**Q** 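Take this structure, written in structure tokens, and hold onto it; I'll ask about it next.
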Amino acid sequence: KWLIECNICKGLFKLTDVNVDHRIGEFPCTNRDEFQSYLLSRLDVGFDDLQILCVDNPKKNHIGCHQIKTLGERYGLSFEEAKIEKQVIDLMKKKASEIDKWLLDKGVKVGKNKEARRNAIREILKNENETK
């Protein structure tokens, strides 16, 4: 069985559970002037400019380092901040009743406001991360 190590978390993953990532990513391409630099950033790379990162695997309840790194680059977050935001995003995709149950299990009761739920989830995850 072939397993590949993720460059960030150092976990071992099957080939289907990893991506090749540009170490320096998230180059904008929103207008013609940025097109050439974007293309060069994607295509004019050497082996040292790339790394192997694990990806999301919902069946194994695994949040991938690639998605976390990309989210962090896109919004200027540290890896740990992006990891929390990715967890918030994933939890917010659930039904409101499931989110409310998750919050109640954590001892928090929030009204029907989606933003209040999102903020409560973020605070809980930050606190859990700080106690680790």
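The structure displayed is predicted, hence computed values, not measured ones.
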**Q** Among residues at least two apart in sequence or on other chains, which ones pass side-chain contact (heavy atoms from CB on, under 4.5 Å) with D105?
**A**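 D105 satisfies side-chain contact (heavy atoms from CB on, under 4.5 Å) with K101 once adjacent residues are dropped.
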
**Q** Which residues satisfy the side-chain contact (heavy atoms from CB on, under 4.5 Å) test with K59, sequence neighbours excluded?
**A**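 K59: side-chain contact (heavy atoms from CB on, under 4.5 Å) contacts with N57.
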
**Q** For R122, give me all partners under side chain to side chain donor-acceptor pair (under 3.5 Å), at least two apart in sequence or on another chain.
**A**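 For R122, the residues satisfying side chain to side chain donor-acceptor pair (under 3.5 Å) (neighbours in sequence not counted) are E85, N119.
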
**Q** Restricting to salt bridge (Lys or Arg N to Asp or Glu O under 4.0 Å), what partner residues turn up for D56, sequence neighbours left out?
**A**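 For D56 the salt bridge (Lys or Arg N to Asp or Glu O under 4.0 Å) partners, ignoring immediate neighbours, are K86.
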
**Q** Under a 4.5 Å cut-off applied to non-hydrogen side-chain atoms, are V88 and L125 in contact?
**A**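 Yes; the side chains approach each other to less than 4.5 Å.
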
**Q** How would you list, by chain and number, every residue that makes a side chain to side chain donor-acceptor pair (under 3.5 Å) with K126, sequence neighbours excluded?
**A**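 K126 satisfies side chain to side chain donor-acceptor pair (under 3.5 Å) with no other residue.
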
**Q** Check side-chain contact (heavy atoms from CB on, under 4.5 Å) between A116 and all other residues, then give those that pass, not counting sequence neighbours.
**A**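 In terms of side-chain contact (heavy atoms from CB on, under 4.5 Å), with neighbours along the sequence ignored, A116 is linked to V110, N113.
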
**Q** Please name all residues satisfying ring-ring contact (aromatic ring centres under 6.0 Å, His included) with H62, sequence neighbours left out, ordered by chain then number.
**A**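 Counting only residues at least two positions away or on another chain, H62 forms a ring-ring contact (aromatic ring centres under 6.0 Å, His included) with F13.
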
**Q** Which residues satisfy the salt bridge (Lys or Arg N to Asp or Glu O under 4.0 Å) test with K14, sequence neighbours excluded?
**A**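 Listed in chain order: nothing, the list is empty.
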
**Q** Using the salt bridge (Lys or Arg N to Asp or Glu O under 4.0 Å) criterion, which residues pair with R23? Sequence neighbours excluded.
**A**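 Applying salt bridge (Lys or Arg N to Asp or Glu O under 4.0 Å) to R23 gives none.
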
**Q** Would you tabulate the side-chain donor-acceptor contacts of residues 4-12 under 3.5 Å, counting partners in other chains and residues two or more places apart, or write 'none'?
**A**
from : atom 1 : to : atom 2 : distance (Å)
K10  : NZ     : N7 : O      : 3.1

**Q** Identify, with sequence neighbours excluded, every residue that meets salt bridge (Lys or Arg N to Asp or Glu O under 4.0 Å) alongside E81.
**A**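 Testing E81 for salt bridge (Lys or Arg N to Asp or Glu O under 4.0 Å), a comparison that skips the adjacent residues, returns none.
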
**Q** Each residue besides Y75 in its hydrophobic cluster should be listed here, by chain and number; the cluster joins Ile, Leu, Val, Met, Phe, Trp and Tyr at side-chain heavy-atom distances under 4.5 Å.
**A**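 Answer for Y75: L71, L77, I89.
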
